[in-house]
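Structure first, commentary second.
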Amino acid sequence: MSVVRGTALSNYPSLVTELGGDPAALLRAAGVRDQDVGNYDAFIPFRAAIRAIESAAQATATPDFGRQLAQRQGIEILGPVGVAARTAATVADALAIFNTFMAAYSPVIAIHITPLADPQLSFIALEFLFDDPCPQTMELALGVSLGVFRLLLGANYAGLSVHLPHDPLTPQAAYVQYFGCTPYFAERAAGYTVRTAELSRPLNRDDVAHRAVVDYLSSITPLGAGIVESVRTIVRQLLPTGAATLEVVAEQFHLHPKTLQRRLSDEGTTFATLVDQVRKDAADRYLRTTGMSLSHLARELGYAEQSVLTRSCKRWFGSGPAAYRNQTRVPAITRA
């Protein structure tokens with residue numbers, strides 16, 4: 001089961017109370033125990049944490065709930081992962097710590113640096129390793145990430161742009177004010193575009209503390225995602241390019257295609273099944289949380305024709321994409 005540390009909901013009760021909500025009732029309905037909230041030693045089902053966050057935004061009519069909660073959280077919610085990052089030599093080393101050891105906080109959150117066409121720019125990607133629609137939770141994660149960057153790079157730090165996988169929940173100007181940079185919505189990947197040079201900036205390194213914490217994390221963290229989840233991640237990235245083929249994905253693992261198929265078979269699945277699942281999850285998320293055109297969505301899923309999207313949605317959801325969007329679209333929140 002996908003889990004996250006109880007600190008993911010640190011200060012949730014006080015914020016919900018301030019906004020006029022009943023945190024105990026919301027947590028109970030979401031399946032979260034009161035005593036686990038804010039407790040690093042407790043694990044909460046990730047989907048239960050999502051339900052608590054998304055339902056609080058609705059119940060309190062607060063469209064920026066995730067961003068507000070992020071302002072009440074910091075690197076301390078990550079426990080020893082945060083300590084290891086703060087004591088690293090450079091910003092890039094700190095991000096590498098997050099990439100390697102984030103499973104100690106939650107095995108379904110991934111952070112990695114992606115080079116861009118312009119070598120002076122890099123993309124810091126933040127990914128949930130499943131596709132449930134959770135715009136408030138994603139904004140919470142992006143807000144906490146911004147706080148971590150400002151801890152590492154200075155209190156007024158802002159990236160060049162922030163990328164969100166859903167439509168705006170508030171006026172765009174609120175995002176500009178909050179993140180200090182240009183926001184882009186309904187994006188394929190969530191994260192920040194930053195200057196590559198910033199990644200080499202030195203930190204207040206502490207080699208002794210850093211080594212001790214890294215050794216501890218190495219002893220408790222399962223390093224590396226399983227083959228199935230790794231294939232899903234690569235397929236997500238390749239779908240819009242039309243290159244999500246068995247041969248291309250196998251090459252990413254330095255495996256022969258037949259070897260990759262055999263390893264997937266050992267895990268009880270096939271490459272074609274995984275591609276279909278990734279497409280279904282992505283279609284569900286985009287249709288629920290964005291107003292992306294159906295022709296654009298077809299391209300995002302790697303389909304040459306919109307008619308293929310229509311047939312797939314009928315197979316997945318029992319109705320075409322437009323009808324499914326009308327049935328499930330997350331309603332916009334407006335404050336009275």
Side-chain angles (χ1 to χ4, degrees), residues 1-2 4 21 25-27 29-32 45-67 108-109 126-142 163-172 175 183-190 232 235-236 239-240 273-303 305-336:
M1 179 172 63
S2 300
V4 67
L26 290 169
L27 291 167
V32 178
F46 199 86
R47 284 179 168 85
I50 288 174
R51 286 193 295 271
I53 294 163
E54 304 296 322
S55 64
Q58 291 286 342
T60 63
T62 306
D64 63 342
F65 182 86
R67 280 172 271 155
V108 294
I109 300 176
L126 175 65
E127 185 176 16
F128 294 160
L129 300 179
F130 60 87
D131 283 300
D132 286 15
C134 49
Q136 295 290 345
T137 309
M138 178 57 76
E139 293 195 0
L140 167 61
L142 287 168
H163 303 252
L164 302 99
H166 50 266
D167 284 348
L169 306 179
T170 61
Q172 184 168 330
Y175 287 89
Y184 294 94
F185 301 97
E187 290 284 284
R188 182 181 311 144
R232 285 174 61 89
V235 167
R236 282 191 199 97
L239 273 182
T273 298
L274 289 179
V275 171
D276 193 62
Q277 289 173 346
V278 170
R279 281 179 164 144
K280 177 183 177 181
D281 291 344
D284 178 66
R285 176 168 61 81
Y286 280 122
L287 290 171
R288 285 175 181 268
T289 66
T290 80
M292 179 185 292
S293 71
L294 298 184
S295 59
H296 186 180
L297 176 56
R299 291 193 300 272
E300 284 294 309
L301 299 185
Y303 289 140
E305 302 288 342
Q306 188 176 320
S307 59
V308 183
L309 169 65
T310 299
R311 289 197 298 272
S312 294
C313 285
K314 288 180 178 177
R315 174 168 55 85
W316 294 328
F317 311 126
S319 61
Y324 184 73
R325 169 175 275 161
N326 290 335
Q327 295 164 11
T328 62
R329 182 74 193 273
V330 175
I333 304 172
T334 55
R335 182 180 287 280

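Only a predicted model underlies this, so the values are computations on that prediction, with no experimental measurement involved.
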- [ ] Quick one: closest heavy-atom pair of A49 and V4, and the distance?
- [x] CB-CG1, 4.1 Å
Task: Heavy-atom side-chain proximity of P135 to E54 below 4.5 angstrom - done: yes
Open item on the list: Would you compute the distance between atom CZ of R315 and atom NZ of K280 and round it to the nearest 0.5 angstrom?
Closed with: 9.0 Å
TODO: State, to 0.1 Å, how close A52 and A30 come at their nearest heavy-atom pair, and which atoms those are.
DONE: N-CB, 3.6 Å
Open item on the list: Main chain of T290, side chain of R325: is a donor-acceptor contact present, judged purely on distance under 3.5 Å?
Closed with: yes
Open item on the list: How long is the straight-line distance from CZ of R51 back to CD1 of I53, given to the nearest 0.5 Å?
Closed with: 11.5 Å
TODO: Evaluate the ring planes of H163 and Y184, with Trp represented by its six-membered ring, and classify them as parallel (under 30°), tilted (30 to 60°) or perpendicular (over 60°).
DONE: parallel
Open item on the list: Side chains of F65 and L169, heavy atoms from C-beta outward: is any pair under 4.5 Å?
Closed with: no
TODO: State whether Y175 and R67 meet the cation-pi test: NZ (Lys) or CZ (Arg) under 6.0 Å from the six-membered ring centroid, and within 45° of the perpendicular axis.
DONE: yes
Open item on the list: If you apply the rule side chain to side chain contact (heavy atoms under 4.5 Å, CB included), what do you find for L297 with L309, and how did you get there?
Closed with: CA-CA 8 Å; L297 176 56; L309 169 65; 4.0 Å; yes
- [ ] Could you tell me which non-hydrogen atom of P240 sits nearest to which non-hydrogen atom of R188, and how far apart they are?
- [x] CG-NE, 3.0 Å
TODO: Taking the side chain as every heavy atom from C-beta outward, state whether R279 and S312 have any atom pair closer than 4.5 Å.
DONE: no
- [ ] Would you mind reporting whether Q58 and Q136 have side-chain heavy atoms less than 4.5 Å apart?
- [x] no
- [ ] Run the numbers on L164 and M138 for side chain to side chain contact (heavy atoms under 4.5 Å, CB included), then give the verdict.
- [x] CA-CA 8 Å; L164 302 99; M138 178 57 76; 5.7 Å; no
Task: Short side-chain to backbone donor-acceptor contact, E127 and A189, under 3.5 Å - done: no
Task: Side-chain heavy-atom pair F128, T137 within 4.5 angstrom cut-off - done: yes
Task: Side-chain heavy atoms of L126 within contact of I109, under 4.5 Å - done: yes
Task: Pairwise distance OG1(T328) to CZ(R288) - rounded to 0.5 angstrom - done: 4.5 Å
Open item on the list: Give me the atom names and distance for the closest heavy-atom approach of A59 to L26.
Closed with: CB-CD2, 4.0 Å
TODO: Give me the one residue out of D284, D276, D281 that meets side-chain hydrogen bond (donor to acceptor under 3.5 Å, both in side chains) with W316.
DONE: D276
TODO: Flag the pair S307 / R311 as yes when at least one side-chain heavy-atom distance between them is below 4.5 Å, and no otherwise.
DONE: yes
TODO: Check whether any side-chain heavy atom of N326 lies under 4.5 Å from a side-chain heavy atom of S319, and answer yes or no.
DONE: no
- [ ] Can you sort out the partners of R299 under side-chain contact (heavy atoms from CB on, under 4.5 Å), two or more places apart, ordered by chain and number?
- [x] S295, H296
TODO: Would you name the heavy atoms of A48 and G31 that are closest together and state the gap between them?
DONE: CB-O, 4.2 Å
Task: Sidechain-backbone polar pair: T289 side chain, Y286 backbone, donor-acceptor under 3.5 Å - done: no
